[in-house]
Protein chains: 2
Amino acid sequence: MTAMDDSSTRGRSSRSTGSARLTDVARVAGVAPMTVSRALNRPELVSESTRLRVQRAVLETGYVPNRVAGALASSRSRLVALLVPTVAHSLFAEVVQTVMGVLAPQGYQVLLGLTGYTPEQEETILETVLSRRPDGIVLTGCRHSALTRQRLLSAKVPLVEIWDMSDDPVDMLVGFSHEAVGRAVAEHLLARGYRRFGLISADDSRGRRRVAGFIAGLEGAGEGTYQLREVGTPSSMPWGRGMSAELLDSHSLDAIVCSSDILALGVLAEAQSRGLAVPDRLAIMGFGDSSYAGASFPALSTVRIDGAAIGLRAAEHLLQRMAQPTFERAGQSQDVGFEIIDRDTT
Amino acid sequence: MTAMDDSSTRGRSSRSTGSARLTDVARVAGVAPMTVSRALNRPELVSESTRLRVQRAVLETGYVPNRVAGALASSRSRLVALLVPTVAHSLFAEVVQTVMGVLAPQGYQVLLGLTGYTPEQEETILETVLSRRPDGIVLTGCRHSALTRQRLLSAKVPLVEIWDMSDDPVDMLVGFSHEAVGRAVAEHLLARGYRRFGLISADDSRGRRRVAGFIAGLEGAGEGTYQLREVGTPSSMPWGRGMSAELLDSHSLDAIVCSSDILALGVLAEAQSRGLAVPDRLAIMGFGDSSYAGASFPALSTVRIDGAAIGLRAAEHLLQRMAQPTFERAGQSQDVGFEIIDRDTT
DNA sequence: CTGTTAGCGCGTTCAT
DNA sequence: ATGAACGCGCTAACAG
């Protein structure tokens, strides 16, 4: 049914195998190219009969619209850039899932960028991403290099920064404060009587800010001691298990605070193998918990981050702004907060 | 430094804020647009002096190339479509990471598509993806709808199907046989003396084929009984814990086989809370293990899938093919296999 | 409701 | 080593 009609002398010489174009459909349907374009993009502006003829012609030619031409002509790419450090972390994977789940039904496709955890990579990737002229950008974090920030500002594209908090967002912002997380965890654990802490953190800037917040929390209370260890990426259970073993061998600890839930599971494995009662002899605090580890291993405490809510709101803000004809920075922040979940809680 | 030079009368009326174009850079540099294009894309064809003038002009204008125009003019999008069911699963996240890790340094950007687990979604997403004219496609699975397969064939784009095995790949294929996994697990566990099995599988077609392979393995051996349960997506520890609790309440079981490692962790939690020795009283078999759960909880067995190897090879095959000037289907398959990891192994 | 005209910003091709 | 002309496939803007 979709055979290429041989009678149609294709436009130029070497288009040996190229797919059908709008003009091909138009010729087959016996209408002008513009009418085909309308029949496809704004069917309500076209009469029923021609719409049907066009549909038939589309099937007959096997036409697939060329959106790169469309984007160039209309200055609307229907592309959203989504920049996250990694997808190999359940938290960011959750964000990607929800953002795409909202955008895809609205006809937006996602250009994914993996920025790692360094501003340099972010800078490079942002440049290549901007060259696609996306209609919107979702970007993880809000501590950018000067050049990144400048490009963001001059790009005149709706932008949502996520997963962090700042006083002067570039445009829109949905996230939470990492310092606040650290401080809250410190206060929470101190209140429950823990005093000697091990900290296992991934080598990433936001993780370090959570650690800094934690330490500030201890200092503010004038109590508690801590040992800090950094692990490489990607975080994994063996890292958590190995680092906690090292910490427990050399120090007497009440509690271990991890920068992800997967590290916390590794710590749990180590505690179990040592016969340490969790959380009575040793408290274990994770971060994120998008796989709901805490629901299955209730001895695990965690800082629950609602990645789905962040993704959802970011995508919705973006959609709203992309729908507006005039570009204007919003300058609004939304703090979705976090929740410390503990076996004692609820 | 990047101020828009006001003396330059921008081409047309309403480009109030549009970014600089190639012609703008050319004017500032005092050369022809074509020379700027070359200085940027093929610097070796341009004299050192003009190259430097162009570089300066680029900085001065804040020029960011418009790759949608470039793609239209050159018929090379430098875009690779990557279609996976989800990224909220460590296995596919690992594939995404490695594919992007290989492609980004080569100047390719990734258009991500989430197909869920249904051929219908795959069909829809493939259509929108093809409209961007990607230079290559990585697609999960090889059981497509008729329309999908036809579009794939007529798209004339290098394609790698991954994560499955087939006799007649559309183009290139890197994966493993799900039936073989199921059968191997059955034989492995039977050989170790297990007989009464619980199967917890996600509601996905490849998972079902692994289950079918497992059952075929039992029937081939003429031994073993099984109870099957399906869980919803996304898989999570609570699903594993809940389903295994239900199974263990109503049946006397030797072993529980899960369609993912995260389910297996939930089963482990349930076993621990019941005081069941693992794997002596109850064997637990996962699938994937890209978070290396088995390394930290050695009581867990698993079918180890090397998602990184799959992503790596897929990306490399694609790069090679995209570099070739003439399009030609390869028709080659690569079985990367799998490995059953058991506490008894090694 | 439908058609015509005129580019979108760039790379290919050929000339110099 | 550099430039000029042309068109990639589509849509905005206007006309009818």
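Excluded from the calculations below are hydrogen atoms, water molecules and symmetry mates; all remaining heavy atoms, backbone and side chain alike, are included. Computed from a predicted model, the values in this text were never measured in an experiment.
- Atom-to-atom, CG of A:Asp24 to P of D:dG9 comes out at 9 Å; the value is rounded to the nearest Å.
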(request) Kindly determine whether A:Arg51 and A:Glu48 satisfy salt bridge (Lys or Arg N to Asp or Glu O under 4.0 Å), including the steps that lead there. (result) CA-CA 5 Å; A:Arg51 188 162 58 233; A:Glu48 170 111 19; 3.5 Å; yes
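- Across the protein-nucleic acid pair, B:Arg53 atom CZ and D:dA1 atom P stand 16 Å apart, rounded to whole Å.
- Comparing C:dG11, D:dT11, D:dT2 by their nearest atom to the side chain of B:Asn41 picks out C:dG11.
- Side-chain N/O atoms of B:Ser37 include one lying less than 4.0 angstrom from OP1 or OP2 on C:dG11.
- Not one N or O on the side chain of A:Gln109 forms a donor-acceptor pair closer than 3.5 Å with the backbone of A:Arg78.
- Atom P of nucleotide D:dT2 and atom CZ of B:Arg27 are separated by 19 Å, given to the nearest angstrom.
- Each of A:Val31 and B:Ser74 has a nearest nucleotide on DNA chain C; the 5'-most of these lies closest to A:Val31.
- In this model, the phosphate group of D:dT2 is approached by a side-chain N or O of B:Ser47 to a distance below 4.0 Å at OP1 or OP2.
- One atom, CE of B:Met34, and another, C1' of C:dT16, lie 15 Å apart when rounded to the nearest Å.
- Proximity of B:Thr50 to the phosphate of D:dA1: no side-chain N or O atom is located under 4.0 Å from OP1 or OP2.
- The residue B:Arg67 sits apart from the nucleic acid: no heavy atom pair falls under 4.0 Å.
- Looking only at distances, no side-chain donor or acceptor of A:Asp24 sits under 3.5 Å from a matching main-chain atom of A:Ala20.
- Closest-nucleotide positions on DNA chain D for B:Ser75 and B:Ser49 were compared, and the one nearer the 5' end corresponds to B:Ser49.
- Proximity of A:Thr35 to the phosphate of C:dT2: no side-chain N or O atom is located under 4.0 Å from OP1 or OP2.
- Residue contacts for A:Ala73: at a heavy-atom cut-off of 4.0 Å it reaches a base atom on one of the strands shown.
- At whole-Å resolution of the value, OH in A:Tyr63 and P in D:dG9 are 10 Å apart.
- A distance of 13.0 Å separates CD in B:Glu127 from CD in B:Glu122, rounded to the nearest 0.5 Å.
- Within 4.0 Å of A:Arg38, counting heavy atoms only, lies at least one base atom of the nucleic acid.
- With B:Thr115 contributing its side chain and B:Val84 its backbone, the two residues share a donor-acceptor pair below 3.5 Å.
- The interatomic distance linking A:Glu48 (CD) with C:dT2 (P) rounds to 11 Å, in whole Å.
- Atoms CD (B:Glu44) and C1' (D:dA1) sit 12 Å apart, rounded to a whole Å.
- At the heavy-atom level, A:Val68 lies nowhere under 4.0 Å from the strands shown.
- Looking at heavy-atom distances under 4.0 Å, A:Leu22 makes contact with a base.
- Across the protein-nucleic acid pair, A:Leu40 atom CG and D:dC10 atom P stand 10 Å apart, rounded to whole Å.
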